[in-house]
J.: 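Pasting in a structure now, in structure tokens, and then I'll have a few things to ask.
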Protein chains: 2
Amino acid sequence: MPETRVESVEKALSILEAFSNEQPSLTLTEIATETGLYKSNVSRLTASLERYGYLKREADRRFRLGPALWRLGALYRRSFELGESIRPVLRQLVAETGETASFYVLDQDERLCLYRENSTEPVRHHLDEGARLPLHAGAAGHVLSAYSFQDAKAKARLAQDGSCVSTGERNPHIASVAAPVVDATGQFHGALAVSGPLQRLSDTALEMARLRVLLAAQGLGRDML
Amino acid sequence: MPETRVESVEKALSILEAFSNEQPSLTLTEIATETGLYKSNVSRLTASLERYGYLKREADRRFRLGPALWRLGALYRRSFELGESIRPVLRQLVAETGETASFYVLDQDERLCLYRENSTEPVRHHLDEGARLPLHAGAAGHVLSAYSFQDAKAKARLAQDGSCVSTGERNPHIASVAAPVVDATGQFHGALAVSGPLQRLSDTALEMARLRVLLAAQGLGRDML
DNA sequence: TAGATTGTTGCGTAGAGTGGAACACATGCC
DNA sequence: GGCATGTGTTCCACTCTACGCAACAATCTA
């Protein structure tokens, strides 16, 4: 098998992966150590990335992510067309439950928060759009696992009642419920979730939230082309 | 001069550029013709892009942009930290003027709408975040030209009163005013603009909007670190 | 001034990337 | 059904790119 891939491209992309919330700007040597590439190599790769607007170099010679990413990212999200229909649903869930509502899709081996509406409560589960969370924990994680891979355990959990619940699994203080959004053709689109502080989401409150999420997810799936 | 760049990387990036609002999904051959690359080549490049989540392949074998772009795009925008301070300002401008307010940064040789708050009027200048517009026309375009390149003409225009006005320049029915956001260190960050239908923005309304934009831009610059 | 650190450039060579053809696999059309 | 058309993948040989490394600038530090 003749390795159907392009190495230098993957190196370039791994440079972009080196940036994070904690390290939004990097020097060339930082990138080199982070990625394990040679400085000269990084220098040439970044030149191309910069030329296309995927990186930009500040006056202090540090690299930052470039505007092209935001442009294409917006394009990606728009291509869902879900946004317009999902946002109102999230807002309604927030109004109904008082907790934070969000929508996740799969990104590699993690889940990506595509949309979210935060609770208005002072104590709440706050999360940024674009954040990545693990797949192995949390209600939405289980839903995505079940549909994206053939995760038997997660699928069994879903089969029970069509939704997932997690209490203090990923974060000991947070409970969440999630349900899959599936359209009329059976296509899976993502996971709808409500999450909040464990102490506020008692058994009955959690069950009510679960029902509301389930209802909202089904509604979304039905309304989709 | 030994061409400090990596060709295959640039090819891969140009594949991403092939996607647009009009063509959010492409087949392999479409990409090949669009970019002028060979199918076999595209096949290998897309494999790498897909592996890193920059593209994804649907069930119908068509390519779409991938979630990694949204994640990194969100990261890029967050790295500004401007968002939190800019949004309220935009909202206030909308409230004051009744028109659409937006914030632009430079992206290559164009301008990129990073934030915008749409007017609530039924007839309004609507624009999506992430949209790209030309640099050579429109008030915000002139501001960006003046600061990003040493565009003498645009700079002279700014020197007059610290802002730019354009009436029916890019679009015959739209007028706009824009001012630069410059922090205490003299660093230029972007262009703040208000735009709306020409007929509603009479001379006096336009002048009032200009003053408000100018004021808001100065306030933003002052409040920035 | 000496020394450390960061980034760029030059160069030879290995080997990656490429073009092209040949091959599978669907669809459509008579 | 058979034949044509279009799409995507795989194979192979050749070329030239991309890479490692060293040497070189260019800044900081002290």
Side-chain angles (χ1 to χ4, degrees), chain A residues 1-20 22-66 68 79 185-187, chain B residues 1-20 22-66 68 79 185-187:
Chain A
M1 180 172 65
E3 286 292 23
T4 166
R5 65 198 187 118
V6 180
E7 209 173 273
S8 54
V9 170
E10 307 209 347
K11 289 180 185 172
L13 298 183
S14 71
I15 286 180
L16 297 179
E17 306 292 330
F19 291 83
S20 65
E22 293 71 35
Q23 307 212 340
S25 77
L26 297 169
T27 70
L28 190 141
T29 28
E30 282 173 338
I31 294 177
T33 55
E34 191 89 13
T35 58
L37 300 171
Y38 280 70
K39 286 196 299 180
S40 57
N41 198 356
V42 173
S43 183
R44 287 180 276 247
L45 291 168
T46 52
S48 284
L49 288 168
E50 190 180 2
R51 187 186 294 228
Y52 277 71
Y54 290 74
L55 287 179
K56 62 172 176 178
R57 200 150 199 187
E58 307 273 297
D60 58 0
R61 306 251 72 193
R62 296 180 69 83
F63 288 99
R64 299 184 149 268
L65 295 177
S79 76
T185 74
Q187 174 80 22
Chain B
M1 180 172 66
E3 286 293 25
T4 167
R5 68 199 184 111
V6 180
E7 205 172 276
S8 52
V9 171
E10 306 209 348
K11 289 180 184 172
L13 298 183
S14 71
I15 286 180
L16 296 179
E17 307 293 330
F19 292 84
S20 65
E22 293 71 36
Q23 307 212 338
S25 77
L26 297 169
T27 69
L28 191 140
T29 28
E30 282 172 340
I31 294 177
T33 55
E34 191 90 13
T35 58
L37 300 170
Y38 279 71
K39 286 196 299 180
S40 56
N41 197 355
V42 173
S43 183
R44 287 180 283 246
L45 292 167
T46 51
S48 285
L49 288 169
E50 189 179 3
R51 187 186 296 227
Y52 277 71
Y54 289 73
L55 287 180
K56 63 173 178 177
R57 200 148 200 187
E58 308 272 295
D60 58 0
R61 306 251 71 193
R62 295 180 71 84
F63 289 100
R64 300 184 148 266
L65 296 177
S79 77
T185 73
Q187 174 80 22

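Because only heavy atoms are used, hydrogens play no part in the values below, and waters and symmetry mates are left out as well, while side chains stay in. Note that this is a predicted model, so its numbers are computed, not measured. Every chain is numbered from 1 and lettered A, B, ... according to where its sequence line falls, protein lines coming before strand lines.
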J.: Side-chain N or O of A:Thr29 less than 4.0 angstrom from OP1 or OP2 on C:dG7?
T.: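 Yes, such a contact exists.
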J.: When you measure from the side chain of B:Leu45, which nucleotide among C:dG19, C:dT18, C:dG7 comes out closest?
T.: C:dT18
J.: Do B:Leu65 and B:Pro24 come close enough that some side-chain heavy atom pair is under 4.5 Å?
T.: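 Sidechains of B:Pro24 and B:Leu65: no contact.
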J.: Pull out every protein N or O sitting under 3.5 Å from an N or O of nucleotides 15-18 of chain D, one pair per line with the distance.
T.:
unit_1	atom_1	unit_2	atom_2	d
D:dA18	OP1	B:Glu7	N	2.8
D:dA18	OP1	B:Ser8	N	2.8
D:dA18	OP1	B:Ser8	OG	3.4
D:dA18	OP2	B:Glu7	N	3.2

J.: Closest nucleotide of DNA chain C for A:Arg62 versus for B:Leu37: which of these residues is on the 5' side?
T.: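 Comparing both residues, the 5'-ward one is A:Arg62.
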J.: Are any of B:Ser43's side-chain N or O atoms less than 4.0 Å away from OP1 or OP2 of D:dT9?
T.: yes
J.: To the nearest Å, give me how far apart NZ (A:Lys39) and C1' (D:dG20) are.
T.: 13 Å
J.: Here's a test of your reading of the structure: between A:Ser40 and B:Gly36, which maps to the more 5' nucleotide of DNA chain C?
T.: A:Ser40
J.: Check this one for me: any side-chain N or O of A:Arg61 less than 4.0 Å away from OP1 or OP2 of C:dT5?
T.: no
J.: Any donor and acceptor pair, going by atom type alone, linking the side chain of B:Glu30 with main-chain N or O of B:Thr27 inside 3.5 Å?
T.: yes
J.: What is the distance, rounded to the nearest whole Å, between atom CD of A:Glu10 and atom C1' of C:dA16?
T.: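 About 13 Å, once rounded to whole Å.
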J.: State the OG-CG distance between A:Ser20 and A:Leu26, to the nearest 0.5 angstrom.
T.: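 Taking OG in A:Ser20 and CG in A:Leu26, the distance rounds to 7.5 Å.
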J.: Atom CD1 of A:Ile31 to atom P of C:dT8: distance rounded to whole Å?
T.: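 About 11 Å, once rounded to whole Å.
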J.: Please tell me if the side chains of A:Leu16 and B:Tyr54 come closer than 4.5 Å, counting only heavy atoms from C-beta onward.
T.: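 Side chain of A:Leu16 against side chain of B:Tyr54, heavy atoms only: contact under 4.5 Å found.
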J.: Just checking, any donor-acceptor pair under 3.5 angstrom between side chains of B:Ser8 and A:Ser8?
T.: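 Present: a donor and an acceptor within the cut-off.
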J.: Closest to the A:Leu28 side chain: D:dT9, D:dT10, C:dG7?
T.: C:dG7
J.: Give a yes or no on whether a salt bridge exists between B:Arg57 and B:Glu50, defined as a side-chain N under 4.0 angstrom from a carboxylate O.
T.: no
